Number of protein chains: 4
Amino acid sequence: MRSNNDSHGLTFIEAARRAQIVDAAVALIAELGYPQVSIAKIAERINVAKSVVLYHFKTKDALIAAIVEDVMTTAAVTMAPLLTAESTAAGKLSAYIRANVAVLHEHRLRSVAMFEIVGAYRSADGRRFDQVAAESVQAEPPEGELALLDPLAIFDAGVRSGEFRPLPSVFMRNALRAALDGAVSELASNLDYDVLGYGEELVTIFDLATRRTT
Amino acid sequence: MRSNNDSHGLTFIEAARRAQIVDAAVALIAELGYPQVSIAKIAERINVAKSVVLYHFKTKDALIAAIVEDVMTTAAVTMAPLLTAESTAAGKLSAYIRANVAVLHEHRLRSVAMFEIVGAYRSADGRRFDQVAAESVQAEPPEGELALLDPLAIFDAGVRSGEFRPLPSVFMRNALRAALDGAVSELASNLDYDVLGYGEELVTIFDLATRRTT
Amino acid sequence: MRSNNDSHGLTFIEAARRAQIVDAAVALIAELGYPQVSIAKIAERINVAKSVVLYHFKTKDALIAAIVEDVMTTAAVTMAPLLTAESTAAGKLSAYIRANVAVLHEHRLRSVAMFEIVGAYRSADGRRFDQVAAESVQAEPPEGELALLDPLAIFDAGVRSGEFRPLPSVFMRNALRAALDGAVSELASNLDYDVLGYGEELVTIFDLATRRTT
Amino acid sequence: MRSNNDSHGLTFIEAARRAQIVDAAVALIAELGYPQVSIAKIAERINVAKSVVLYHFKTKDALIAAIVEDVMTTAAVTMAPLLTAESTAAGKLSAYIRANVAVLHEHRLRSVAMFEIVGAYRSADGRRFDQVAAESVQAEPPEGELALLDPLAIFDAGVRSGEFRPLPSVFMRNALRAALDGAVSELASNLDYDVLGYGEELVTIFDLATRRTT
DNA sequence: GATGAATGAGGCTTCATTCAT
DNA sequence: AATGAATGAAGCCTCATTCAT
């Protein structure tokens, strides 16, 4: 065991560079959009040679993957503590929305960057980000915190228990995810968008929309 | 005025070519994503020289603008007749959602292409599609049918008349637009997505979410 | 039918450029060796932009293929008339060697370039030139003049008719081909190598080596 | 003199690493071709850092030189015992061919690697392998076993003694060397090529071709 | 003895655009 | 109305090599 390696097998300096590169890439992607960000621009932003970026990531796709992982982990880690407390489906739903919106608010740049990537990334063979992701999810379903990112289970549980009105979970999930993604879209155009306020309104909307009608 | 010019000052041939190019571009963008579509690919798809495309559009940006205009016009024209009949805010809202969703369903490729463009387009100076669009909207507010594309007025009217519960119109509009865009996002991944079913669920959600509570 | 197209569908100017590029590439490959020749160097040599080369050939591999075709055609066309006259196997064999050697002598640069390519080319998936060529030969056996490039048939015929001693045609062919390639190898190191003299000696060697012993 | 240095001034460890690196390089060159083999690939194959390879060899050219020396020495050492026994020129010639072919057969990979290097190597200033080698041969003519690698002396002696017909030794040598190199060429395309059979045929050919005619 | 980090040069290719015909 | 030819900028990536540790 080498002394200056952390648990991921990375040197301190390596980890630092990687973080620096990821940060630069995130900032640039959020600002310029995914397709406009080149390895050259990333390198220039941190004053290193292009090859340094490729030394640490080997491929543009690998860099993107690292960014995505970073964002997802950040999101999951931030959201997790805000979710576990709740017991009712309605409570979980509100908590989910608020937690999600809180992440967007606290990690604006990362969120916007992720949004840009999801919207514009294509794999070498032309597949969309979602499709590539869906595939890897099937191969290896997310565990623990990452599983919390999909609200489908909340709707399913609420319906099953009768706490929610009968509703098509998948459409509901899609609507909620879309509404939340919409917040990032606004954020992308205006970093000062009141995401939290928007989130509260979403809480109201989805509360009213799922509630059992008497 | 030359005899074979239509109202836009285009000859038949010119109009036909432009339509052909737009169609090819739409199909390619929907399939490959905006950043992956080059003028070369568009030209190749319709078996003409690259320069033909640029002869008819002068610039890639001009081509994109033409596509956007085409899509928006198609959408407005399709939606318009489905909207005017309604008198209540709730009625208008439902009609708006159904009309919007109907457009997506009937013009899948165009919708997906538009979605790709909105997500990935950047002007030469790096501004997002929305930003560029917002600007030109300010300079020249949309009239007639195009005005119908923004549901903000519906929420405003519903609140003002007391038909809707008091609600923040802008957030509501954003949530609705996002939810509708979400449909296109699903469509982009899967052209067989049940947009109409999803639309019905949105009708329910937004009905429940705007209704005056007794 | 456009007026300035030749039978291959190429414009005059296109044909001229292609020839110019091929010539430059041949000269550079002969001088520097295949791996050292880049599209940039070729372009520089004829004072055009790199992209011009790629405009006319699309790919480095396509350029190489064009060179190879050019060399082979040149060789076949040059050799053909020198071969048909002969009727005996021995006569054909001598003629083949002399014809081959004559080509090398008259088209030194092209021969050396071809030699360099055969020695160093690898397809994208790592296969050797011979292997790629063998494959395409199997798919579409060479006809007419190109068929003359392989002396195997001569040995086969000579053995079958009893004009040659019993001998393993394939090994014999390989030895002859190798000896002829050796001439190019010498040429590559020294453009003034006496290929014709060497050829005469080969004629002697293979005459003695195939002759029926009494 | 340090205790763990051998006669070349290398420690055991150093010698072992060098051998390991040379072996890896040989295998890779034989498989992928000289131009496709990079120091990175060599290092990766033996699971060390790129810099390790350069620590032991300082330069890619130095590594190649080491490989060449290794191959030549292997060849000379293998051939030597098979040659000394013969007294007649014809005997020596047959022995030379058989010995050479035996080396190719027993050290396929090394032979193919050498073949790839000879075919594709260029010094920094663009000179071919042969040319660089010829130069160093002139500066320091090979002694002992290495001298045996060139069959020119055999032809010279055979002619001088009248055992061979009058023949141009240099052309003859070139033809023989080329024919032998051809075996490696076949080997490069197909490691199962019957080199020994081919060698026997060469023995026959060159026997018939050098024999005094009555 | 080994290695991680960095680098700059150069490789092939794609792109939007211009211009003369 | 169409097109062939050319271009330079930019994109990603590979390479041999250097240097401090």
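Note that the structure is a prediction, hence the values are computed from the model and not measured. Letters A, B, ... mirror the listed sequences (proteins, then strands); counts begin at 1. Just so it is clear, the values below take in all heavy atoms, side chains as well, and ignore hydrogens, waters and symmetry mates.
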- Query: Looking at CD1 of C:Ile42 and CG of C:Leu63, how far apart are the two atoms once the value is rounded to the nearest 0.5 Å?
  - Reply: 5.0 Å
- Task: Give the nucleotide from the list E:dT3, F:dT17, F:dG4 with an atom nearest to the side chain of D:Ala49.
- Result: E:dT3
- Test item: side-chain donor near acceptor, A:Asp61 and A:Thr59, under 3.5 Å: no
- Item | Side-chain N,O (A:Thr11) to OP1/OP2 (E:dA5) below 4.0 Å | yes
- Item | Toward the 5' end of DNA chain F, by each residue's nearest nucleotide, D:Asp61 or C:Asn47 | C:Asn47
- Query: For A:Glu44, does its backbone N or O pair with a side-chain atom of A:Lys50 as donor and acceptor, under 3.5 Å?
  - Reply: no
- How do A:Val52 and B:Lys58 order along DNA chain E: which one's closest nucleotide is nearer the 5' end? A:Val52
- Item | Distance below 4.0 Å between C:Tyr55 side-chain N/O and F:dA5 OP1 or OP2 | yes
- When you measure from the centre of the six-membered ring of C:Tyr34, is the NZ or CZ of C:Lys60 under 6.0 Å away and within 45° of the axis? yes
- Who is the Watson-Crick or G-U wobble partner of F:dG11, with both distances under 3.5 Å? E:dC12
- Query: Can a side chain N or O of C:Arg17 be found less than 4.0 Å away from OP1 or OP2 on F:dG4?
  - Reply: no
- How close or far is atom C1' of F:dA10 from atom CG of A:Leu32, stated in whole angstroms? 15 Å
- Note on the structure: D:Lys60 NZ to F:dT14 P, in whole Å, measures 15 Å
- Message: Regarding D:Ser51, tell me which of base, sugar-phosphate or nothing describes its non-hydrogen contacts under 4.0 Å with the strands shown.
- Response: base
- Task: Check the distance between F:dC19's P and A:Ile13's CD1 and give it to me in whole angstrom.
- Result: 17 Å
- Note on the structure: note: D:Ile42, atom CD1; F:dT14, atom P; distance rounded to Å ~ 16 Å
- Using atom CG of D:Leu54 as one end and atom C1' of F:dA20 as the other, report the distance to the nearest whole Å. 16 Å
- Query: So which one's nearest nucleotide on DNA chain E is more toward 5', C:Ile39 or A:His56?
  - Reply: A:His56
- Query: Just how far, in rounded Å, is C1' of E:dG1 from CD1 of D:Ile21?
  - Reply: 11 Å
- Query: When you measure from the side chain of A:Lys41, which nucleotide among F:dG11, E:dG11, E:dT7 comes out closest?
  - Reply: F:dG11
- Residue pair B:Asp23 / B:Arg110, side-chain heavy-atom distance below 4.5 Å: yes
- What nucleotide among E:dG4, E:dT13, F:dA1 has an atom nearest to a side-chain atom of B:Glu14? F:dA1
- Query: A:Gln36 CD to F:dA9 P: how many Å, rounded?
  - Reply: 19 Å
- Message: Just the rounded figure in Å: distance from C1' of F:dC15 to OH of D:Tyr34.
- Response: 12 Å
- Ion pair present between B:Arg127 and B:Glu135, side-chain N to carboxylate O less than 4.0 angstrom? yes
- According to a strict under-4.0 Å criterion, is A:Lys50 in side-chain N/O contact with OP1 or OP2 of F:dG11? no
- Note on the structure: When both distances are under 3.5 Å in a Watson-Crick or G-U wobble arrangement, the nucleotide paired with E:dC19 is F:dG4
